[in-house]
Visitor: 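Could you have a look at this structure, given as C-alpha coordinates, before my questions?
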There are 2 protein chains.
Amino acid sequence: MNRPDRLLRDEAAMFASYLRQHRLRRGRRRQEVLAEFLSIERHVTADELRDALKRKGLGVGIATVHRCLELFASCGLARKLKVGNGRAYYEHDYGHAHHDHLICLDCGRTVEFCEPLIESLQEKAASAHGFLVKRHSLELYGSCSSCRSQAKGS
Amino acid sequence: MNRPDRLLRDEAAMFASYLRQHRLRRGRRRQEVLAEFLSIERHVTADELRDALKRKGLGVGIATVHRCLELFASCGLARKLKVGNGRAYYEHDYGHAHHDHLICLDCGRTVEFCEPLIESLQEKAASAHGFLVKRHSLELYGSCSSCRSQAKGS
DNA sequence: CTCTATGCAAAACCTTTGCATAGAA
DNA sequence: TTCTATGCAAAGGTTTTGCATAGAG
(Lines give C-alpha, C1' and ligand atoms only; values in the text may rest on other atoms or scores of the structure.)
Protein backbone atom coordinates (compact mmCIF):
# COMPACT_ATOMS: atom_id res chain seq x y z
CA MET A 1 0.00 0.00 0.00
CA ASN A 2 1.21 3.45 -0.63
CA ARG A 3 4.22 2.59 -2.72
CA PRO A 4 6.10 5.83 -3.18
CA ASP A 5 7.38 6.48 -6.69
CA ARG A 6 10.71 7.07 -5.09
CA LEU A 7 10.91 3.47 -3.97
CA LEU A 8 10.05 2.15 -7.38
CA ARG A 9 12.69 4.34 -8.98
CA ASP A 10 15.32 3.09 -6.57
CA GLU A 11 14.34 -0.49 -7.21
CA ALA A 12 14.48 0.00 -10.95
CA ALA A 13 17.88 1.62 -10.59
CA MET A 14 19.23 -1.24 -8.50
CA PHE A 15 17.95 -3.70 -11.00
CA ALA A 16 19.45 -1.84 -13.94
CA SER A 17 22.75 -1.49 -12.19
CA TYR A 18 22.87 -5.18 -11.34
CA LEU A 19 22.10 -6.13 -14.90
CA ARG A 20 24.83 -3.85 -16.18
CA GLN A 21 27.42 -5.15 -13.76
CA HIS A 22 26.66 -8.71 -14.68
CA ARG A 23 26.22 -8.12 -18.36
CA LEU A 24 22.66 -9.33 -18.24
CA ARG A 25 19.86 -8.07 -20.43
CA ARG A 26 16.48 -6.68 -19.70
CA GLY A 27 14.39 -9.31 -21.38
CA ARG A 28 10.70 -8.79 -21.89
CA ARG A 29 9.67 -11.49 -19.41
CA ARG A 30 12.16 -10.26 -16.87
CA GLN A 31 10.55 -6.85 -16.90
CA GLU A 32 7.04 -8.24 -16.74
CA VAL A 33 7.88 -10.49 -13.85
CA LEU A 34 9.63 -7.68 -12.03
CA ALA A 35 6.71 -5.30 -12.46
CA GLU A 36 4.28 -7.90 -11.20
CA PHE A 37 6.47 -8.85 -8.28
CA LEU A 38 6.90 -5.26 -7.20
CA SER A 39 3.17 -4.66 -7.41
CA ILE A 40 2.42 -7.37 -4.88
CA GLU A 41 2.88 -6.29 -1.29
CA ARG A 42 3.15 -9.69 0.28
CA HIS A 43 5.29 -12.73 -0.20
CA VAL A 44 4.55 -14.94 -3.16
CA THR A 45 5.63 -18.29 -4.49
CA ALA A 46 6.84 -18.72 -8.04
CA ASP A 47 3.55 -20.37 -8.83
CA GLU A 48 1.42 -17.59 -7.41
CA LEU A 49 3.41 -15.05 -9.33
CA ARG A 50 3.00 -16.96 -12.54
CA ASP A 51 -0.73 -17.19 -11.96
CA ALA A 52 -0.93 -13.47 -11.34
CA LEU A 53 0.87 -12.90 -14.63
CA LYS A 54 -1.35 -15.32 -16.45
CA ARG A 55 -4.43 -13.47 -15.23
CA LYS A 56 -3.03 -10.45 -17.04
CA GLY A 57 -2.55 -12.45 -20.19
CA LEU A 58 1.17 -12.89 -19.71
CA GLY A 59 2.17 -16.50 -20.16
CA VAL A 60 5.52 -16.76 -18.50
CA GLY A 61 7.07 -20.18 -18.05
CA ILE A 62 7.53 -21.38 -14.50
CA ALA A 63 11.24 -21.84 -15.07
CA THR A 64 11.53 -18.22 -16.08
CA VAL A 65 9.64 -17.10 -13.02
CA HIS A 66 12.03 -19.07 -10.84
CA ARG A 67 15.02 -17.65 -12.62
CA CYS A 68 13.67 -14.14 -12.26
CA LEU A 69 12.98 -14.50 -8.57
CA GLU A 70 16.47 -15.84 -7.93
CA LEU A 71 17.79 -12.89 -9.86
CA PHE A 72 15.76 -10.45 -7.79
CA ALA A 73 17.11 -12.08 -4.66
CA SER A 74 20.66 -11.76 -5.97
CA CYS A 75 20.35 -8.08 -6.66
CA GLY A 76 18.78 -7.27 -3.33
CA LEU A 77 15.25 -6.61 -4.51
CA ALA A 78 13.78 -9.74 -3.01
CA ARG A 79 14.25 -11.85 0.04
CA LYS A 80 13.72 -15.57 -0.26
CA LEU A 81 12.21 -17.36 2.64
CA LYS A 82 11.29 -20.94 3.20
CA VAL A 83 8.61 -21.86 5.62
CA GLY A 84 7.55 -25.24 6.86
CA ASN A 85 5.71 -26.35 3.74
CA GLY A 86 8.82 -26.59 1.63
CA ARG A 87 7.87 -23.92 -0.84
CA ALA A 88 10.03 -20.87 -1.41
CA TYR A 89 8.43 -17.50 -0.83
CA TYR A 90 9.80 -14.23 -2.05
CA GLU A 91 9.04 -10.82 -0.65
CA HIS A 92 10.25 -7.31 -1.25
CA ASP A 93 13.53 -6.64 0.38
CA TYR A 94 14.84 -3.28 -0.75
CA GLY A 95 13.72 -0.43 1.43
CA HIS A 96 11.89 -2.78 3.73
CA ALA A 97 13.07 -3.02 7.29
CA HIS A 98 14.01 -6.49 8.33
CA HIS A 99 11.15 -8.34 9.92
CA ASP A 100 10.09 -11.78 11.02
CA HIS A 101 6.85 -13.68 10.55
CA LEU A 102 3.91 -14.84 12.56
CA ILE A 103 2.06 -17.62 10.80
CA CYS A 104 -1.36 -18.88 11.75
CA LEU A 105 -1.43 -22.66 11.58
CA ASP A 106 -5.19 -22.67 11.08
CA CYS A 107 -5.91 -20.04 8.44
CA GLY A 108 -2.42 -19.49 7.07
CA ARG A 109 -2.55 -15.74 7.63
CA THR A 110 0.87 -14.26 8.14
CA VAL A 111 1.80 -11.08 9.92
CA GLU A 112 5.13 -9.38 9.85
CA PHE A 113 6.64 -8.11 13.01
CA CYS A 114 9.85 -6.53 14.10
CA GLU A 115 11.49 -6.72 17.47
CA PRO A 116 14.91 -5.09 17.56
CA LEU A 117 15.58 -6.49 21.00
CA ILE A 118 15.32 -10.02 19.64
CA GLU A 119 17.79 -9.14 16.93
CA SER A 120 20.35 -7.88 19.38
CA LEU A 121 19.92 -10.91 21.59
CA GLN A 122 20.52 -13.06 18.54
CA GLU A 123 23.79 -11.32 17.87
CA LYS A 124 24.76 -11.80 21.46
CA ALA A 125 23.90 -15.49 21.52
CA ALA A 126 25.76 -16.01 18.26
CA SER A 127 28.92 -14.28 19.36
CA ALA A 128 28.89 -16.32 22.55
CA HIS A 129 29.48 -19.27 20.23
CA GLY A 130 31.94 -17.49 18.01
CA PHE A 131 29.47 -16.96 15.19
CA LEU A 132 28.95 -13.89 13.11
CA VAL A 133 25.35 -13.68 11.94
CA LYS A 134 24.78 -12.87 8.30
CA ARG A 135 21.08 -13.50 8.17
CA HIS A 136 18.46 -15.27 10.12
CA SER A 137 15.07 -16.73 9.84
CA LEU A 138 12.50 -16.55 12.59
CA GLU A 139 8.97 -17.80 12.21
CA LEU A 140 6.46 -18.11 14.98
CA TYR A 141 3.70 -20.61 14.29
CA GLY A 142 0.50 -20.46 16.26
CA SER A 143 -3.07 -19.33 16.04
CA CYS A 144 -4.33 -15.88 15.31
CA SER A 145 -7.01 -14.17 17.35
CA SER A 146 -9.85 -14.75 14.89
CA CYS A 147 -9.12 -18.45 14.58
CA ARG A 148 -8.99 -18.76 18.35
CA SER A 149 -12.34 -17.05 18.81
CA GLN A 150 -13.91 -19.20 16.10
CA ALA A 151 -12.57 -22.31 17.77
CA LYS A 152 -14.15 -21.20 21.03
CA GLY A 153 -17.48 -20.61 19.33
CA SER A 154 -17.71 -24.02 17.68
CA MET B 1 27.32 -37.58 24.43
CA ASN B 2 27.00 -39.06 27.82
CA ARG B 3 23.55 -40.53 27.27
CA PRO B 4 22.33 -41.66 30.63
CA ASP B 5 20.64 -45.07 30.67
CA ARG B 6 17.79 -43.35 32.39
CA LEU B 7 17.08 -41.29 29.29
CA LEU B 8 17.14 -44.29 27.02
CA ARG B 9 14.75 -46.16 29.29
CA ASP B 10 12.35 -43.24 29.31
CA GLU B 11 12.51 -42.98 25.56
CA ALA B 12 11.88 -46.68 25.14
CA ALA B 13 8.94 -46.44 27.52
CA MET B 14 7.44 -43.50 25.63
CA PHE B 15 7.80 -45.37 22.40
CA ALA B 16 6.24 -48.53 23.78
CA SER B 17 3.38 -46.60 25.28
CA TYR B 18 2.70 -44.78 22.04
CA LEU B 19 2.69 -48.03 20.10
CA ARG B 20 0.29 -49.59 22.55
CA GLN B 21 -2.09 -46.64 22.51
CA HIS B 22 -2.18 -46.64 18.75
CA ARG B 23 -2.22 -50.37 18.30
CA LEU B 24 1.02 -50.29 16.39
CA ARG B 25 3.61 -53.02 16.43
CA ARG B 26 7.29 -53.02 17.14
CA GLY B 27 8.51 -54.18 13.75
CA ARG B 28 12.11 -55.13 13.29
CA ARG B 29 12.98 -52.14 11.13
CA ARG B 30 11.22 -49.82 13.49
CA GLN B 31 13.43 -50.93 16.32
CA GLU B 32 16.58 -50.75 14.26
CA VAL B 33 15.80 -47.28 13.03
CA LEU B 34 14.93 -46.11 16.52
CA ALA B 35 18.14 -47.49 18.01
CA GLU B 36 20.19 -45.82 15.32
CA PHE B 37 18.35 -42.54 15.62
CA LEU B 38 18.80 -42.44 19.37
CA SER B 39 22.49 -43.20 19.04
CA ILE B 40 23.11 -40.12 16.94
CA GLU B 41 23.44 -36.93 18.93
CA ARG B 42 22.79 -34.48 16.19
CA HIS B 43 20.07 -33.86 13.70
CA VAL B 44 19.88 -36.17 10.71
CA THR B 45 17.96 -36.40 7.48
CA ALA B 46 16.15 -39.55 6.48
CA ASP B 47 18.89 -40.20 3.98
CA GLU B 48 21.70 -39.82 6.46
CA LEU B 49 19.97 -42.16 8.85
CA ARG B 50 19.51 -44.75 6.16
CA ASP B 51 23.17 -44.51 5.23
CA ALA B 52 24.17 -44.97 8.85
CA LEU B 53 22.01 -48.08 8.99
CA LYS B 54 23.40 -49.36 5.74
CA ARG B 55 26.94 -49.03 7.10
CA LYS B 56 25.86 -51.44 9.79
CA GLY B 57 24.53 -53.87 7.25
CA LEU B 58 20.91 -52.91 7.78
CA GLY B 59 19.17 -52.25 4.49
CA VAL B 60 16.14 -50.22 5.42
CA GLY B 61 14.08 -48.69 2.66
CA ILE B 62 13.94 -44.93 2.51
CA ALA B 63 10.16 -44.97 2.80
CA THR B 64 10.42 -46.90 6.02
CA VAL B 65 12.94 -44.47 7.41
CA HIS B 66 10.61 -41.60 6.62
CA ARG B 67 7.69 -43.41 8.21
CA CYS B 68 9.73 -44.16 11.30
CA LEU B 69 10.92 -40.59 11.70
CA GLU B 70 7.39 -39.26 11.38
CA LEU B 71 6.37 -41.79 14.00
CA PHE B 72 9.13 -40.66 16.34
CA ALA B 73 8.01 -37.10 15.88
CA SER B 74 4.43 -38.07 16.66
CA CYS B 75 5.32 -39.76 19.90
CA GLY B 76 7.54 -36.95 21.12
CA LEU B 77 10.89 -38.62 20.63
CA ALA B 78 11.95 -36.48 17.71
CA ARG B 79 11.57 -32.96 16.59
CA LYS B 80 11.33 -32.27 12.88
CA LEU B 81 12.91 -29.16 11.56
CA LYS B 82 13.26 -27.75 8.12
CA VAL B 83 16.11 -25.49 7.27
CA GLY B 84 16.82 -23.49 4.18
CA ASN B 85 17.82 -26.35 1.91
CA GLY B 86 14.37 -27.91 1.87
CA ARG B 87 15.33 -31.15 3.54
CA ALA B 88 13.72 -32.30 6.76
CA TYR B 89 15.99 -32.83 9.74
CA TYR B 90 15.07 -34.76 12.84
CA GLU B 91 16.70 -34.41 16.21
CA HIS B 92 16.12 -35.85 19.66
CA ASP B 93 13.31 -34.14 21.43
CA TYR B 94 12.51 -35.98 24.60
CA GLY B 95 14.49 -34.73 27.57
CA HIS B 96 16.13 -32.06 25.47
CA ALA B 97 15.49 -28.47 26.32
CA HIS B 98 14.14 -26.38 23.51
CA HIS B 99 16.90 -24.72 21.54
CA ASP B 100 17.55 -22.88 18.32
CA HIS B 101 20.30 -23.26 15.76
CA LEU B 102 23.35 -21.46 14.56
CA ILE B 103 24.38 -22.64 11.12
CA CYS B 104 27.68 -21.88 9.46
CA LEU B 105 27.14 -21.01 5.83
CA ASP B 106 30.69 -22.03 4.94
CA CYS B 107 31.29 -25.36 6.63
CA GLY B 108 27.74 -26.31 7.53
CA ARG B 109 28.53 -26.81 11.19
CA THR B 110 25.57 -26.23 13.43
CA VAL B 111 25.51 -25.27 17.05
CA GLU B 112 22.53 -25.33 19.34
CA PHE B 113 21.85 -22.45 21.61
CA CYS B 114 19.20 -21.40 23.98
CA GLU B 115 18.20 -17.90 24.95
CA PRO B 116 15.13 -17.77 27.20
CA LEU B 117 14.94 -14.02 26.84
CA ILE B 118 14.40 -14.38 23.11
CA GLU B 119 11.61 -16.85 23.77
CA SER B 120 9.79 -14.48 26.06
CA LEU B 121 10.20 -11.61 23.63
CA GLN B 122 8.69 -13.80 20.96
CA GLU B 123 5.64 -14.42 23.08
CA LYS B 124 5.37 -10.74 23.69
CA ALA B 125 5.67 -9.81 20.03
CA ALA B 126 3.11 -12.46 19.11
CA SER B 127 0.54 -11.41 21.63
CA ALA B 128 0.92 -7.81 20.48
CA HIS B 129 -0.55 -9.10 17.20
CA GLY B 130 -3.12 -11.33 18.86
CA PHE B 131 -1.21 -14.53 18.18
CA LEU B 132 -0.67 -17.45 20.49
CA VAL B 133 2.61 -19.17 19.68
CA LYS B 134 2.57 -22.94 19.47
CA ARG B 135 6.04 -23.45 18.10
CA HIS B 136 8.70 -21.50 16.38
CA SER B 137 11.72 -21.89 14.27
CA LEU B 138 14.78 -19.70 14.63
CA GLU B 139 17.93 -20.23 12.67
CA LEU B 140 20.86 -17.88 12.56
CA TYR B 141 23.02 -18.25 9.48
CA GLY B 142 26.51 -16.90 9.45
CA SER B 143 30.12 -17.94 9.75
CA CYS B 144 31.72 -19.76 12.60
CA SER B 145 34.99 -18.71 14.17
CA SER B 146 37.16 -21.28 12.44
CA CYS B 147 35.81 -20.44 9.01
CA ARG B 148 36.40 -16.78 9.67
CA SER B 149 40.00 -17.28 10.72
CA GLN B 150 40.64 -19.47 7.67
CA ALA B 151 39.20 -16.81 5.44
CA LYS B 152 41.53 -14.26 6.97
CA GLY B 153 44.53 -16.52 6.46
CA SER B 154 43.95 -17.15 2.76
C1' DC C 1 26.25 -10.65 -35.24
C1' DT C 2 26.97 -12.26 -30.57
C1' DC C 3 25.57 -13.69 -26.45
C1' DT C 4 21.70 -13.69 -23.20
C1' DA C 5 16.65 -14.73 -22.27
C1' DT C 6 13.00 -17.78 -22.66
C1' DG C 7 9.87 -21.86 -23.20
C1' DC C 8 9.40 -26.52 -23.08
C1' DA C 9 10.32 -30.80 -21.52
C1' DA C 10 13.10 -33.55 -18.86
C1' DA C 11 15.72 -34.19 -14.85
C1' DA C 12 16.63 -33.70 -10.04
C1' DC C 13 15.35 -33.85 -5.29
C1' DC C 14 13.04 -35.18 -1.49
C1' DT C 15 8.81 -37.08 0.51
C1' DT C 16 4.61 -39.72 0.28
C1' DT C 17 1.60 -43.36 -1.40
C1' DG C 18 -0.06 -47.88 -3.37
C1' DC C 19 0.29 -52.44 -3.30
C1' DA C 20 1.82 -57.03 -2.50
C1' DT C 21 3.81 -59.67 1.02
C1' DA C 22 6.44 -60.54 5.33
C1' DG C 23 5.77 -60.59 10.00
C1' DA C 24 3.83 -59.22 14.90
C1' DA C 25 0.52 -60.36 18.33
C1' DT D 1 -5.52 -65.59 11.81
C1' DT D 2 -5.75 -60.78 11.58
C1' DC D 3 -4.03 -56.59 10.96
C1' DT D 4 0.30 -53.92 10.86
C1' DA D 5 5.12 -53.27 8.95
C1' DT D 6 8.02 -53.17 5.15
C1' DG D 7 10.17 -52.88 0.47
C1' DC D 8 9.78 -51.49 -4.00
C1' DA D 9 8.31 -48.76 -7.39
C1' DA D 10 5.54 -45.13 -8.74
C1' DA D 11 3.55 -40.82 -7.87
C1' DG D 12 3.73 -36.04 -6.08
C1' DG D 13 5.20 -31.44 -5.62
C1' DT D 14 8.54 -28.05 -6.35
C1' DT D 15 12.83 -26.33 -8.24
C1' DT D 16 16.57 -26.77 -11.60
C1' DT D 17 18.72 -27.88 -16.00
C1' DG D 18 19.46 -28.80 -21.10
C1' DC D 19 18.67 -27.39 -25.35
C1' DA D 20 16.90 -25.08 -29.29
C1' DT D 21 15.42 -20.66 -30.60
C1' DA D 22 13.81 -15.86 -29.91
C1' DG D 23 15.49 -11.58 -28.95
C1' DA D 24 18.38 -7.68 -26.78
C1' DG D 25 22.31 -4.81 -27.49
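In what follows, chains are A, B, ... by sequence order, proteins preceding strands, each numbered from 1.
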Visitor: His66(A) has a side chain; which of dG7(D), dT15(D), dT6(C) sits nearest to it?
Guide: dT15(D)
Visitor: Find out whether Arg50(B) and Arg55(B) are in side-chain contact, i.e. whether some heavy atom of one side chain is under 4.5 Å from a heavy atom of the other.
Guide: no
Visitor: Only pairs at least two apart or in different chains count here, so list each ring-ring contact (aromatic ring centres under 6.0 Å, His included) that has a residue in residues 115-144 of chain B.
Guide: His98(B)-His136(B)
Visitor: Distance-only, no hydrogens or angles: does the Ser149(B) side chain make a donor-acceptor pair with backbone N or O of Ser145(B) under 3.5 Å?
Guide: yes
Visitor: Just say parallel, tilted or perpendicular for the rings of His96(B) and His92(B), cut-offs at 30° and 60°.
Guide: perpendicular
Visitor: Figure out the CZ/P separation between Arg50(B) and dT6(D), and round it to whole Å.
Guide: 15 Å
Visitor: Are any of the side-chain heavy atoms of Lys80(B) and Glu91(B) separated by less than 4.5 Å?
Guide: no
Visitor: Nearest-Å distance, NE2 (His22(B)) to P (dC3(D))?
Guide: 19 Å
Visitor: Just the atom pairs and distances: protein N or O near nucleotides 17-19 of chain C's N or O, under 3.5 Å.
Guide:
none

Visitor: Report yes if the side chains of Leu34(A) and Arg26(A) come closer than 4.5 Å at any heavy-atom pair, otherwise no.
Guide: no
Visitor: Which sits closer to the 5' end of DNA chain C, Thr45(B) or Val65(A), going by the nucleotide each is nearest to?
Guide: Val65(A)
Visitor: Base, sugar-phosphate alone, or nothing: which one does Gly59(B) contact when heavy atoms must sit under 4.0 Å apart?
Guide: sugar-phosphate
Visitor: Send over the distance from Arg30(A) CZ to dG25(D) C1', rounded to a whole Å.
Guide: 13 Å
Visitor: Output the single nucleotide from dT15(D), dT6(C), dG7(D) whose closest atom is nearest the side chain of Thr64(B).
Guide: dG7(D)
Visitor: CG of Asp47(B) versus P of dT16(C): gap in Å, rounded?
Guide: 13 Å
Visitor: Who passes side chain to side chain donor-acceptor pair (under 3.5 Å) against Tyr89(B), sequence neighbours left out?
Guide: Asn85(B)
Visitor: Mind calculating the distance between OH (Tyr90(B)) and P (dC14(C)) to the nearest angstrom?
Guide: 14 Å
Visitor: Using five pairs at each end of the helix from dC1(C)-dG25(D) to dA25(C)-dT1(D) to define an axis, what is the angle between those two axes, to 10°?
Guide: 20°
Visitor: For Gln31(B), check side chain to side chain donor-acceptor pair (under 3.5 Å) against everything at least two apart and list the hits.
Guide: none
Visitor: Over how many whole Å does the gap from Tyr18(B) atom OH to dA5(D) atom P extend?
Guide: 11 Å
Visitor: Let me know which of Glu70(B), Arg79(B), His43(B) forms a side chain to side chain donor-acceptor pair (under 3.5 Å) with Tyr90(B).
Guide: Glu70(B)
Visitor: Side-chain N or O of Arg29(B) less than 4.0 angstrom from OP1 or OP2 on dA5(D)?
Guide: no
Visitor: Between atom CG in Leu53(B) and atom P in dT6(D), what is the gap in whole Å?
Guide: 12 Å
Visitor: Can you label the angle between the His99(A) ring and the His101(A) ring as parallel, tilted or perpendicular, going by 30° and 60°?
Guide: perpendicular
Visitor: At under 4.0 Å between heavy atoms, which parts of nucleotides 20-25 of chain C does protein reach? Answer with one letter per nucleotide, 5' to 3': B base, S sugar-phosphate only, - none.
Guide: ---BBS
Visitor: Is the side chain of Thr45(A) donor-acceptor paired with the backbone N or O of Glu48(A) at a distance under 3.5 Å, no angle test?
Guide: yes
Visitor: Taking NZ, NE, NH1 and NH2 as the nitrogens, is one of them in Asp5(A) or Arg9(A) under 4.0 Å from a carboxylate oxygen of the other?
Guide: no
Visitor: In whole Å, I'd like the distance from the CD1 atom of Ile62(A) to the P atom of dC8(C).
Guide: 12 Å
